[in-house]
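Treat the numbers as computed from the prediction; the structure is a model and nothing was measured.
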Amino acid sequence: MPTPLHVLHIDDSPAILETVKYALGDEMIVDGARSLAEAREKLERNSYDILLVDLGLGDSGGVGTIEALKGYGVPIVVLSGLDDPEILAAAAEAGASDYLTKPAVTSVTLRSKVKFTHARHKRQIGQEKQREMNRQIGAKRKAAFEAVAFEALKPFISCADVGSRTPFARV
């Protein structure tokens, strides 16, 4: 059986926190936070796979909430009552991975979005690791090639007149 995803849901409404916990609870471990400050405390103590974030908190609002949370390296899915394309675009630009509106969300949609966002995040991390590994391998190959090339050219380098005088130099 796969390890359940650990979700931190950040919303200042206790009723919405309970509803989401109920919707995800059979497949995921869901912790709730009612403020940005509480969310930060939980992020310092626990590891999460996904953050579900409302944009209207008592101590933070709008894309500032996303900007405050993106440094934790956990994908953010906005779960907001606002269905505004400009807010959606601003949330994406601030670092949100996805966006759901509360009135339109169902438990199936919510579970699917969380799973999809997590899978995409894992794939992106894997690709970044692969690029870094390829970069390191390329650097090692280049260094090895340069060493071999230098060794192959040594006899010619030692025979060459590398001083300041050449046959055409003026004395």
Carboxylate-amine/guanidinium proximity below 4.0 Å for K102 and D11: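 A salt bridge links K102 with D11.
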Residues L69, L43; criterion side chain to side chain contact (heavy atoms under 4.5 Å, CB included); working and verdict: CA-CA 9 Å; L69 295 169; L43 283 160; 3.7 Å; yes
When you group the ILVMFWY residues by side-chain heavy-atom contacts below 4.5 Å and let the links chain together, are [Y] and [X] in the same group?
X: I76; Y: L82; value: yes
X: L51; Y: I87; value: yes
X: L17; Y: L8; value: no
X: I66; Y: Y72; value: yes
X: L88; Y: I10; value: yes

Indicate yes or no: at least one non-hydrogen side-chain atom of [X] is less than 4.5 angstrom from one of [Y].
X: L52; Y: L24; value: yes
X: H118; Y: K115; value: no
X: S97; Y: H121; value: no
X: E27; Y: V114; value: no
X: K113; Y: V105; value: no
X: L57; Y: S35; value: no
X: P14; Y: E18; value: no

Is a side-chain N or O of [X] found less than 3.5 angstrom from the main chain of [Y], in a donor-acceptor match?
X: T101; Y: P103; result: no
X: D49; Y: H6; result: yes
X: D59; Y: L36; result: yes

Pair E44-R40, salt bridge (charged side-chain N to carboxylate O under 4.0 Å, His left out): steps then yes or no: CA-CA 6 Å; E44 294 296 328; R40 285 180 165 164; over 6 Å; no
Taking every non-hydrogen atom, the tightest pair across V63 and A91: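 Scanning both residues completely, I find the closest heavy atoms to be CG1-N, 3.7 Å.
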Nearest atoms (heavy-atom pairs only) where T65 meets S60: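 For T65 versus S60, the nearest heavy atoms are OG1-OG, 2.6 Å.
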Residues, nucleotides or ligands: over 12 heavy atoms within 6.0 Å of Q136 CD: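 Atom CD in Q136 is packed in, count exceeds 12.
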Approximate separation, where rounding is to 0.5 Å, of L55 CG and Y99 OH: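 One gets 5.5 Å once the value is rounded to the nearest 0.5 Å.
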Interatomic distance, K21 atom NZ to M28 atom CE [nearest 0.5 angstrom]: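 Between K21 NZ and M28 CE, I get 14.0 Å after rounding to 0.5 Å.
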Full working for side chain to side chain contact (heavy atoms under 4.5 Å, CB included) between L79 and H9: CA-CA 9 Å; L79 183 58; H9 180 206; 3.9 Å; yes
